[in-house]
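Some notes on the structure that comes next.
It should be emphasised that the depicted structure is a prediction, and the values quoted were computed from it without experimental measurement. We name chains A, B, ... by the order of the sequence lines, and we start the count at 1 in each one.
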2 protein chains.
Amino acid sequence: MARPAGQGEHTKKRIAMRAKALFEQKGYSAATMDEIREAAGASKGSIYYHFKSKEEMFLYILELTMLDWIDKWAAISAPLGTATDKLYALADHFASDFQNPLMKAAEEFGGSEAADPAVHERLLELTRVHYPIFRQLLEDGMESGEFERMDVGELMYIVLGLMGGLGVAYYELGAEQIAALYRRSIDILLRGIRGVGADG
Amino acid sequence: MARPAGQGEHTKKRIAMRAKALFEQKGYSAATMDEIREAAGASKGSIYYHFKSKEEMFLYILELTMLDWIDKWAAISAPLGTATDKLYALADHFASDFQNPLMKAAEEFGGSEAADPAVHERLLELTRVHYPIFRQLLEDGMESGEFERMDVGELMYIVLGLMGGLGVAYYELGAEQIAALYRRSIDILLRGIRGVGADG
DNA sequence: GAGTTAATAGACCGGATGGTCGGTTTATGG
DNA sequence: CCATAAACCGACCATCCGGTCTATTAACTC
């Protein structure tokens with residue numbers, strides 16, 4: 001036995017975080033391993049000691065990011081009561097943490113790389129971890145009468161699409177205006193799906 | 001003067017169309033010039049005779065696509081009366097013609113390539129050609145009382161985001177279900193922005 | 001301090017990719 | 001015909017990029 005300091009894990013995380021920033025800025029394929037190496041202040045050898053490949057590194061980063069997002073959401077949503085409140089909070093959470101361009105990189109990754117179907121499958125899985133959160137929220141809202149009863153799956157895709165799609169304004173609006181846009185869109189959505197029993 | 005047959009233009013279009021298909025299938029960077037060459041049944045020399053670079057070729061294709069989309073929309077919307085009808089038709093047009101993965105490729109292109117700010121600017125310009133269509137439609141609807149009066153720019157981004165974002169379901173739903181999803185989302189949207197003077 | 005091994009370093013490689021270049025074909029006008 | 005230029009061809013190039021390999025360092029045990 002030797003050097004079980006476990007410092008390697010720290011290095012791995014550091015590399016991942018710097019790489020994440022690069023993936024967000026430049027997309028998957030345009031962020032080269034050499035740029036990552038430089039940004040992380042590590043060596044090629046070290047990087048490939050921790051990660052089998054660029055693909056695997058990206059998946060690792062994506063997983064960390066998604067899990068972190070879910071954790072944060074759990075903390076945010078815990079004290080909230082109504083589905084309506086939660087929906088606003090979810091939009092906010094989505095706008096601030098999720099709307100980041102890492103998802104664009106993931107789309108690019110899935111669209112071109114990942115000839116390996118297993119990799120593609122894992123990617124899809126990671127991309128969908130937040131689906132159940134939306135679905136549950138909408139179901140709860142219907143249950144409580146806040147939202148009109150309707151096809152949950154369909155509504156889930158619509159809300160999901162709305163949240164993801166509002167990112168188009170990313171390049172043209174500031175962070176504050178984006179946040180306002182998300183809230184406003186929820187206003188409209190709520191008026192559109194408000195249950196008969198709800199007031200407003 | 002010699003060989004002013006103008007057949008070159010035909011070849012250029014052919015190359016562009018085959019390349020477009022490849023860009024849609026594989027994304028910008030993953031579609032290689034050699035694949036394009038093979039698919040187009042042309043030579044490297046011929047391709048670079050017609051296009052200065054891969055970048056320029058992509059921009060050319062994007063422009064053709066957008067202009068074509070606008071033309072088709074003009075034909076579709078001409079006989080339609082109300083803004084509400086037009087909104088449904090626009091969603092349909094968007095879903096069938098626009099939701100195609102060329103826009104994903106454009107995002108990838110803009111996110112990584114296009115270090116040249118001029119190229120990036122031209123890309124943004126092309127990406128936004130349909131903005132005025134949405135804006136005008138919404139303004140008309142407000143004018144006629146079909147839609148509630150509100151900030152047009154904000155609503156435009158919301159509708160735009162909704163349309164673009166619904167593509168998340170692309171990998172999981174069939175074409176018919178997608179179309180239904182678009183219609184359903186417009187149903188909800190309309191309930192959310194319906195003007196006081198409108199019936200429904 | 002000798003032995004061991006996790007961890008790091010960085011020179012190097014093979015292949016792919018966008019792009020070039022000199023040459024060839026083909027239609028047209030004189 | 002023949003000169004001319006548009007259109008086309010394909011071998012070749014320079015570069016970049018993901019990944020490998022060998023060597024070295026540092027931390028731990030005995």
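In this structure, I47(A) places its CD1 atom 11 Å from P of dT8(C), rounding to the nearest Å. When the C1' atom of dC8(D) is taken as reference, atom NZ of K13(B) falls 19 Å away, rounded to whole Å. Rounding to whole angstrom units, CZ of residue R37(A) and P of dT8(C) are separated by 15 Å. One interatomic measurement links the two molecules: CZ of F51(A) to P of dT20(D), which rounds to 15 Å at whole-angstrom precision. Distance CD (E9(B)) to C1' (dC8(D)): 15 Å, rounded to an integer number of Å.
Partners of Y157(A) by ring-ring contact (aromatic ring centres under 6.0 Å, His included), not counting sequence neighbours: none found. With sequence neighbours excluded, the residues forming a ring-ring contact (aromatic ring centres under 6.0 Å, His included) with Y60(A) are F51(A), listed by chain and number.
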Protein-to-nucleotide contact annotation, 5' to 3' order, nucleotides 11-22 of chain C [B base; S sugar-phosphate only; - none; under 4.0 Å, heavy atom]: B-----SBBBB-
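Using a 4.0 Å cut-off between charged side-chain N and carboxylate O, D68(A) and K72(A) make a salt bridge. Salt-bridge annotation for E146(A) and K86(A): absent, with no side-chain N of the basic residue lying under 4.0 Å from a carboxylate O of the acidic one.
Distance check, rounded to the nearest 0.5 Å: CG of L162(B) to OH of Y182(B) gives 8.0 Å.
Checked against dT8(C), dA6(D), dG10(D), the side chain of H50(A) finds its nearest nucleotide in dT8(C).
Contact annotation: S43(A) does not reach the phosphate of dT8(C) (side-chain N/O to OP1 or OP2, under 4.0 Å). A sub-4.0 Å separation between OP1 or OP2 of dT8(C) and a side-chain N or O of Y49(A) is absent.
Annotation for E56(B): atom CD counts as buried by contact number, over 12 foreign heavy atoms lying within 6.0 Å.
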